[in-house]
Amino acid sequence: ISFNAIDSALSSLKNSQSYINSGMDTATKIAFDLVESFNDEEDVNSMEKVMLEYAAMDRDLKNYIRAFEEVVNQVKREKPETIPDLEKLMKEKFNALESENSDADLQRNEKYMYFVDQLKEMKKQFRHISDNGNETIEQIDEDIAVTRSQMNFICPITQMEMRRPVRNKVCGHIYEEEAILEIIQSRKQKKKKVRCPKMGCSHVDVKGSDLVPDEALKRVIDSQNKQ
């Protein structure tokens with residue numbers, strides 16, 4: 001049996017995941033834009049529904065790819081003289097995987113979890129600005145000054161206001177992207193682990209893969225700097 005065409009089809013399926021990821025990134029950006037421009041809550045919530053739909057597509061595609069791989073590996077391992085009914089085998093394995101689905105799967109989608117976390121931060125920070133919309137300029141400036149002092153805009157590494165903040169998924173602390181990546185690369189060359197630069201943090205193994213852009217904080221910083 002020649003598996004070249006099958007392997008090519010599997011590769012195409014995996015490439016399809018990039019389209020789902022791009023769609024989720026776009027939906028996330030739109031939701032952030034809506035919050036930042038103080039649109040109706042209903043409009044923002046509609047984007048969460050879109051994210052869940054993408055998460056469902058992502059789960060189904062992953063199940064299909066897994067079923068596909070299991071069938072191919074089974075045939076390669078058994079090496080039958082005649083080609084089995086691949087479509088039937090695929091359906092059986094795919095249906096078995098789908099039967100284990102639950103709504104909780106969608107809630108655990110990494111991009112959906114990022115969306116929910118960042119959206120919560122966006123709403124919290126931009127609600128403060130919106131609530132002060134009817135106050136005088138002096139009052140707004142005073143409130144912004146208080147907000148600045150309460151929020152951590154300063155990178156624990158550079159001691160400067162962050163431009164591209166990234167959040168550590170493990171300990172939750174935030175750093176300037178370029179600064180933390182430079183430390184990680186430097187320590188990696190010496191085959192040493194990186195301790196979280198935030199004073200008092202006990203996390204001793206910061207990895208680049210643990211870092212995610214903190215879009216909510218970046219937008220708040222940019223918004224405050226425009227005042």
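What you see below is based on every heavy atom in this structure, not just the backbone, and it leaves out hydrogens, waters and symmetry mates. Throughout, residue positions are numbered sequentially from 1 according to the sequence presented.
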Listed partners of R66 passing side chain to side chain donor-acceptor pair (under 3.5 Å), at least two apart: E70
Hydrophobic cluster partners of Y114 (side-chain heavy atoms under 4.5 Å): V212
Heavy-atom side-chain proximity of L52 to K49 below 4.5 angstrom: no
Shortest non-hydrogen contact from L97 toward A67: CD1-N, 3.9 Å
Minimum-distance pair of heavy atoms, taken over all atoms of A31 and M47: CB-CB, 3.9 Å
Short N-O contact, D58 and K62, less than 4.0 angstrom: yes
E215 and T28, any side-chain heavy atoms less than 4.5 Å apart: no
CD1 on I154 to CE on M162, rounded to 0.5 Å: 7.5 Å
Electrostatic pair K123-E41, nearest N-O below 4.0 angstrom: yes
Atom pair CZ/CE of F115 and M51 - distance to nearest 0.5 Å: 5.5 Å
Whether S223 side chain and R219 backbone form a donor-acceptor pair below 3.5 Å: no
More than 12 heavy atoms from other groups under 6.0 Å of CD on E78: yes
Partner set under salt bridge (Lys or Arg N to Asp or Glu O under 4.0 Å) for K169, not counting sequence neighbours: E110
By salt bridge (Lys or Arg N to Asp or Glu O under 4.0 Å) - contacts of R187 (at least two apart): none
From L106 atom CG to R108 atom CZ, the distance as rounded to the nearest 0.5 Å: 9.0 Å
Between NZ on residue K191 and NZ on residue K188, distance to nearest 0.5 Å: 11.5 Å
Any pair counted as ring-ring contact (aromatic ring centres under 6.0 Å, His included), so long as it reaches residues 177-212, sequence neighbours left out: none
E121 side chain near L217 side chain, heavy-atom distance below 4.5 Å: no
Hydrophobic cluster membership, I30 vs V44, 4.5 Å side-chain cutoff: yes
Gap between atom CZ of R195 and atom SG of C171 - 0.5 Å precision: 11.0 Å
Within residues 11-37 or reaching into it, pairs that qualify as ring-ring contact (aromatic ring centres under 6.0 Å, His included) - sequence neighbours excluded: none
D103 atom CG: more than 12 heavy-atom contacts under 6.0 Å: no
Atom pair OG (S16) and CG (N21), whose distance is rounded to the nearest 0.5 Å: 11.0 Å
For E176, all residues meeting side chain to side chain donor-acceptor pair (under 3.5 Å), sequence neighbours excluded: none
Pairs flagged by ring-ring contact (aromatic ring centres under 6.0 Å, His included) wherever residues 57-81 is involved - sequence neighbours left out: Y64-F94
Sidechain-backbone polar pair: R167 side chain, I174 backbone, donor-acceptor under 3.5 Å: no
Short side-chain to backbone donor-acceptor contact, S186 and E182, under 3.5 Å: no
Cluster link L89 to I65, ILVMFWY, side chain under 4.5 Å: yes
More than 12 heavy atoms of other groups within 6.0 Å of Q159 CD: yes
Electrostatic pair K218-D214, nearest N-O below 4.0 angstrom: no
Whichever hydrophobic residues join V194 through chains of side-chain contacts under 4.5 Å: I157, V166, Y175, I180, L181, I183, I184, V206, L211
Partner set under salt bridge (Lys or Arg N to Asp or Glu O under 4.0 Å) for E48, not counting sequence neighbours: none
Heavy-atom side-chain contact between V220 and F153 under 4.5 Å: yes
Result of checking C201, P156, S202 against C196 for side-chain contact (heavy atoms from CB on, under 4.5 Å): C201
Minimum-distance pair of heavy atoms, taken over all atoms of S18 and N15: OG-O, 2.6 Å
Same cluster (ILVMFWY, side-chain, under 4.5 Å), F38 and M122: yes
Intermediate values then yes/no, salt bridge (Lys or Arg N to Asp or Glu O under 4.0 Å), D25 and K29: CA-CA 6 Å; D25 290 341; K29 182 181 182 303; over 6 Å; no
Heavy-atom closest pair, residues D43 and L34: O-CD1, 3.7 Å
By salt bridge (Lys or Arg N to Asp or Glu O under 4.0 Å) - contacts of D205 (at least two apart): K207
Single-linkage hydrophobic cluster M57~V116, side-chain heavy atoms < 4.5 angstrom: yes
Working for side chain to side chain contact (heavy atoms under 4.5 Å, CB included), residues Q107 and Y112: CA-CA 7 Å; Q107 309 288 336; Y112 175 76; 3.3 Å; yes
For N101, all residues meeting side-chain contact (heavy atoms from CB on, under 4.5 Å), sequence neighbours excluded: R59, D60, N63, E98, D105
